[in-house]
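Accompanying notes for the structure given below.
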Amino acid sequence: GESVGLHLPTLSVQEGDNSIINCAYSNSASDYFIWYKQESGKGPQFIIDIRSNMDKRQGQRVTVLLNKTVKHLSLQIAATQPGDSAVYFCAVNLVPSGSARQLTFGSGTQLTVLP
Amino acid sequence: NAGVTQTPKFQVLKTGQSMTLQCAQDMNHEYMSWYRQDPGMGLRLIHYSVGAGITDQGEVPNGYNVSRSTTEDFPLRLLSAAPSQTSVYFCASRWGQASHEQYFGPGTRLTVT
């Protein structure tokens, strides 16, 4: 199986600063990693993903870093804005034998952007 | 496109009652799934479907049934509600088994008293 953990349940940053949210996973066979953002009262929204054959991927103001050696994943948000305040989940994709791909989610980090 | 829609948004049940949570998507996605979200925990997979007529169990299937008679709809049935099923339920869909980008519905907040 797979277990996924986030390092901090909460994170507060000043508006304009960079944010770093961390995630650890357990199964070295995991092949795909995804970050989701969940605003209050809404469903999770896809942010960015990365395959296991990569160690870095950049999007708009976001960067995901993957360290397979220590099974660690991070999401970096540049110039954090008030609209970035949300819960951020990492999800790890594993293909159990004989089954469809399934995602295992971490417990989430609540990011609060301070004015 | 409306994306993934869920009804109702809120529901209160008494222990032992049954009900169906509705989920529909208009993106012609093959893969649909149900998750529950509890405080301090990540989303946990209840049931999923890789296409019409095919369903399978996820991590926490007990107390729930699903069916997939059409591509668009994937209802979740609670057979006999228990307080432990108090949670927020999310339906999600994606294009196919090989696809990774899931689209989530807005959720149903269920309370069982």
Side-chain angles (χ1 to χ4, degrees), chain A residues 1-10 21 23-26 30-54 57 59 64 66 73 86-110, chain B residues 2-7 9-10 21 23-25 27 29-51 54-61 66 68 74 87-109:
Chain A
E2 171 66 273
S3 67
V4 179
L6 277 152
H7 291 187
L8 290 174
T10 61
I21 301 170
C23 182
Y25 62 97
S26 65
S30 300
D31 66 345
Y32 206 85
F33 307 86
I34 308 166
W35 282 99
Y36 286 91
K37 173 185 181 182
Q38 186 177 24
E39 296 175 273
S40 181
K42 297 183 179 179
Q45 182 181 13
F46 174 92
I47 303 173
I48 191 169
D49 56 12
I50 188 169
R51 294 184 185 278
S52 59
N53 62 354
M54 303 169 67
R57 190 170 186 212
V64 56
L66 176 63
L73 184 69
V87 177
Y88 289 82
F89 294 93
C90 67
V92 178
N93 205 341
L94 183 65
V95 184
S97 174
S99 301
R101 290 181 174 277
Q102 295 183 19
L103 289 177
T104 300
F105 286 81
S107 55
T109 291
Q110 171 71 58
Chain B
V4 181
T5 58
Q6 292 182 238
T7 56
K9 195 164 178 63
F10 300 96
L21 279 62
C23 173
Q25 53 89 12
M27 298 173 281
H29 285 173
E30 288 186 348
Y31 188 102
M32 296 185 74
S33 51
W34 276 102
Y35 293 88
R36 60 177 288 173
Q37 184 176 40
D38 301 297
M41 301 182 72
L43 292 146
R44 291 183 292 168
L45 183 65
I46 305 172
H47 285 286
Y48 65 96
S49 168
V50 300
I54 306 169
T55 63
D56 206 346
Q57 296 181 349
E59 180 186 354
V60 288
V66 291
R68 184 92 181 273
F74 190 43
S87 188
V88 181
Y89 291 85
F90 289 101
C91 178
S93 75
R94 63 188 195 220
W95 180 77
Q97 290 190 54
S99 169
H100 297 90
E101 186 169 346
Q102 286 205 117
Y103 296 84
F104 284 84
T108 294
R109 183 174 293 274

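The sequence lines fix the lettering, A, B, ..., with proteins before strands; numbering per chain opens at 1.
- Residue B:Tyr103 does not touch chain A at all, counting heavy-atom pairs closer than 4.5 Å.
- Legend: residues meeting ring-ring contact (aromatic ring centres under 6.0 Å, His included) with A:Tyr25, ordered by chain and number and at least two apart, are A:Phe33.
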Item checked: Residue pair A:Tyr36, B:Leu43: steps toward the side chain to side chain contact (heavy atoms under 4.5 Å, CB included) verdict -> CA-CA 11 Å; A:Tyr36 286 91; B:Leu43 292 146; over 6 Å; no

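- Pairing each heavy atom of B:Phe90 with each of A:Gln38, the nearest pair is CZ-NE2, 3.2 Å.
- In the displayed structure, B:Arg44 atom CZ is contacted under 6.0 Å by more than 12 heavy atoms of other residues, nucleotides or ligands.
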Checklist line | Working for side chain to side chain contact (heavy atoms under 4.5 Å, CB included), residues B:Gln37 and A:Phe89 | finding: CA-CA 12 Å; B:Gln37 184 176 40; A:Phe89 294 93; 3.1 Å; yes

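- The line from CG of A:Asn93 to CD of B:Gln102 is 8.5 Å long, rounded to the nearest 0.5 Å.
- Looking at A:Gln45, there are no atoms closer than 4.5 Å to chain B (heavy atoms on both sides), in backbone or side chain.
- When the candidates B:Gly105, B:Gly42, B:Gly58, B:Pro39 are compared by the number of heavy-atom contacts under 4.5 Å with chain A, B:Gly42 comes out ahead.
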